[in-house]
Amino acid sequence: MPHDTPLISTIVVGFVLAFVLGAAAHRLKLPPLVGYLVAGVLCGPYTPGFVADQSLAPQLAEIGVILLMFGVGLHFSLKDLLNVRGIAVPGAIAQISLATLMGWALGMAMGWSHGGSVVFGLALSVASTVVLLKALQDRRLVETERGRIAVGWLIVEDLAMVLALVIIPAVASIANGNGAAQASGAPVNAVLGFDLGIAGVLAFTVLKVAAFVALMLLVGRKFIPWVLHRIANMGSRELFRLGVLAIALGVAFGAAKLFGVSLALGAFFAGMILAESELSQRAAQESLPLRDAFAVLFFVSVGMLFDPAILWTEPLPMLGVLFIILAGKSVVAFLIVLAFGKSVSTALTISASLAQIGEFSFILAELGVGLKLLPPEGRDLILGGAILSIILNPLVFYLCDRMRPALEAALGRSPAPAAEPVRPAPIEPAPDVVTSSADDTGEQEAKPTRLSGHAVLVGFGRVGGIVARKLKAAGAPFLVIEDADMRVASTRALGIEAIAGNAAETSVLELANLRGAKSLIIAIPDAFEAGRITESARETNPGIMIVARAHSDAEVDHLTKLGADSVIMGEREIALALIQSMVGAAPAADSA
Ligand code: AMP
């Protein structure tokens, strides 16, 4: 066993500490990501004890960013992106400009150069993909209109930063009039062997991004699903998983190396192209566990960069930075979204999700310091701003929720319709069965059902799908809880009320009004989750009838012990049906 294993120790210590502190944070009713960040601070260089490898951790984190953006792409079609461009493009550009202006002013006030202040402002203007997605996922908002606007906004920010990363070294080299900056940046000029000037560099970058997008749309759109179909036909799960991973990482890496697009953006496009094939649902699920694991490493590596000393050595500039990120950016985004005629709740969600900074800011800070534009304390302030804004982000969401009624009243905008469960309950499309063309009052947000005396069906797959159709045909009042987005969409397309999310989470189960429900049908394959759902349903409603699905005798026992009234063991039913159909077929076979 070799002694020097920085990769292994970084991964192991990162995961173990993140798990322990994430669980502790959860117990304290804080989001687990606060625990991950603290885990990072603990294994960073500024605290005593183990210090994880400073160059490996950010690379591992980048894999998390790639997989996350791949996942977003999987749920995002080109149509969605184009649908929100009207607000996302001007919104992102206006927000970046104003936040950069504020950051520039702060930089100038601290006596930095114009260049350094602009880089500082840019770093404060761009939100973190990982944090935004996690916030939207935790609140089940990715599939809502406001979620799409926020993601579209983020894509525009990412594109702007891709341009900024190319332009800054070029500008620095021209402004300094020396070759130092040229050597560290301006790759375009270096490649071409002559100086293009700023406009030329910009045009060249836009051209490269456009070439990448065109290649993905023209070739990738056909080729990637074709490859996946072939792998799926081979019947090997292992190879299919590997195929998905290879496509996500391969396209991201290729895009970055060949076209100068960011890894995240490359992965986003790879996902978006896959979303157009029917296999995408499977592909998404294959990449989920890895995505979650590496997203954790992202937060750990952010924590590692943080030197807590900045809090007491530079308190005032730190407060200024936090003000720009938390208040300045939010207010600007809020006003822009409102100006586009959207509801207060949409404006609040978008501004809360953008009120933080992350990975792009670190890259910009490093670049600024490398080019000697930004003093090192500028980088420390950016890092401090990032970690504090990430920790405070859930609080910002909470405050936005609290402020919403007052803001709605003050601005004279109508609030979202009342959500409390009420009595009569025929089958009717759920209140959240609204397409994105509907008026934007926040109907798509998760909210409690209005049904009572109904059945709750968990899972809309091979088993639940059949149950749902039968219930619908019988005219019984019921709703479906399903955690795969595509399946939620197909449930709603049938006019069935659906709650998106994992039914094993109490917050999701609460939306189904179990207290007022007659029965619960658990049609999912995982016995642990089914057990968790059974237990909490029984606790909420001792009289509810619970029927569950299992795949072994041990699972039947487990679910019965936890309170299920009846557990159907799939394999036994299949065996019985097989025998029965043989018996039924026997006379026909004889007479033949
Ligand atoms: P199948 O095994 O084909 O009947 O599919 C099971 C369905 O249940 C799939 O659509 C899953 O997305 C869904 N599912 C699995 N676990 C859960 C859960 N904990 N909460 C909600 N839906 C779930």
Side-chain angles (χ1 to χ4, degrees), residues 71 74-75 137-143 232 237 240-241 244 275 278-289 291-292 430 432 446-449 451 454-472 478-494 496-514 517 519-540 544 546-552 555-556 558-559 562-564 566-574 577:
L74 274 171
H75 294 299
Q137 273 163 1
D138 287 351
R139 292 167 182 79
R140 294 181 295 285
L141 289 173
V142 181
E143 288 293 294
R237 262 212 180 154
F240 189 79
R241 279 194 194 129
V244 171
E278 63 204 64
L279 282 168
S280 72
Q281 185 55 29
R282 224 175 122 187
Q285 289 187 349
E286 302 300 336
S287 65
L288 275 183
R291 179 186 77 179
D292 292 349
D432 46 355
K447 59 174 58 132
T449 179
L451 294 178
H454 57 299
V456 175
L457 170 63
V458 181
F460 188 79
R462 291 159 303 173
V463 178
I466 298 176
V467 178
R469 284 178 179 87
K470 291 272 179 213
L471 286 174
K472 186 163 193 279
F478 76 105
L479 63 85
V480 168
I481 307 182
E482 169 58 64
D483 70 351
D485 296 329
M486 302 279 253
R487 295 232 163 115
V488 173
S490 26
T491 319
R492 289 178 180 164
L494 290 175
I496 299 172
E497 176 169 349
I499 294 174
N502 182 350
E505 283 172 25
T506 324
S507 58
V508 175
L509 217 47
E510 272 167 5
L511 300 174
N513 184 24
L514 277 183
S519 54
L520 169 68
I521 306 157
I522 307 174
I524 59 170
D526 185 306
F528 283 107
E529 284 186 354
R532 163 101 190 80
I533 299 166
T534 308
E535 208 175 3
S536 76
R538 185 55 75 222
E539 221 176 273
T540 316
I544 195 170
I546 303 179
V547 189
R549 158 186 174 188
H551 297 280
S552 70
E555 290 182 3
V556 175
H558 176 65
L559 293 171
L562 291 174
S566 163
V567 184
I568 310 298
M569 210 265 260
E571 281 66 8
R572 185 186 301 134
E573 299 305 315
I574 295 173

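Start at 1 and go down the list; that is how both ligands and their atoms are numbered. Starting from 1, each residue takes its place in the sequence as its number.
Every atom of ligand 1 with a heavy atom of Glu529 under 4.0 Å away is listed here by number and element: 16 (N), 17 (C), 18 (C), 19 (N). Those atoms of ligand 1 that come under 4.0 Å of a heavy atom in Ala503, given as number and element, are 18 (C), 19 (N), 20 (N), 21 (C). Ligand 1 places these atoms under 4.0 Å from at least one heavy atom of Ala484: 12 (O). Residue-ligand proximity, Ile481 to ligand 1, at heavy-atom distances under 4.0 Å covers atoms 21 (C), 22 (N). Close approach to Pro525 involves these atoms of ligand 1, each under 4.0 Å from a residue heavy atom: 2 (O), 6 (C).
Under the rule for a side chain to side chain donor-acceptor pair (under 3.5 Å), Arg469 has no partner lying at least two apart in sequence or in another chain. Not a single side chain to side chain donor-acceptor pair (under 3.5 Å) links Ser566 to another residue, sequence neighbours left out.
In the candidate list His551, Glu482, Arg532, Glu505, Glu482 is nearest to atom 12 (O) of ligand 1, counting heavy atoms. The heavy atom nearest to atom 22 (N) of ligand 1, out of those in Val488, Asp526, Asp483, Thr491, is found in Asp483.
With hydrogens and angles left out, the side-chain atoms of Thr491 and Glu482 include no donor and acceptor closer than 3.5 Å. Side-chain atoms of Arg532 and Thr506 include a donor-acceptor pair closer than 3.5 Å.
Residue contacts with ligand 1 include Gly501, since one of its heavy atoms falls under 4.0 Å from the ligand. Residue contacts with ligand 1 include Asn502, since one or more of its heavy atoms lies under 4.0 Å from the ligand.
Contacts of Arg549 with ligand 1, taken as heavy-atom pairs under 4.0 Å, involve the side chain alone.
Each of Leu514, Leu520, Val456 was compared with Ile546 under the side chain to side chain contact (heavy atoms under 4.5 Å, CB included) criterion, and only Leu520 meets it. For the pairing with Phe478, the side chain to side chain contact (heavy atoms under 4.5 Å, CB included) check across Val467, Thr449, Leu471 returns one residue only, Leu471.
One finds the NZ atom of Lys470 at 14.0 Å from the CG atom of Leu457 (value rounded to the nearest 0.5 Å).
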- Candidate pair Val508 and Asp483, rule side-chain contact (heavy atoms from CB on, under 4.5 Å), full reasoning: CA-CA 10 Å; Val508 175; Asp483 70 351; over 6 Å; no
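For Val458, no nitrogen or oxygen atom sits less than 3.5 Å from a nitrogen or oxygen atom of ligand 1, counting backbone and side chain alike.
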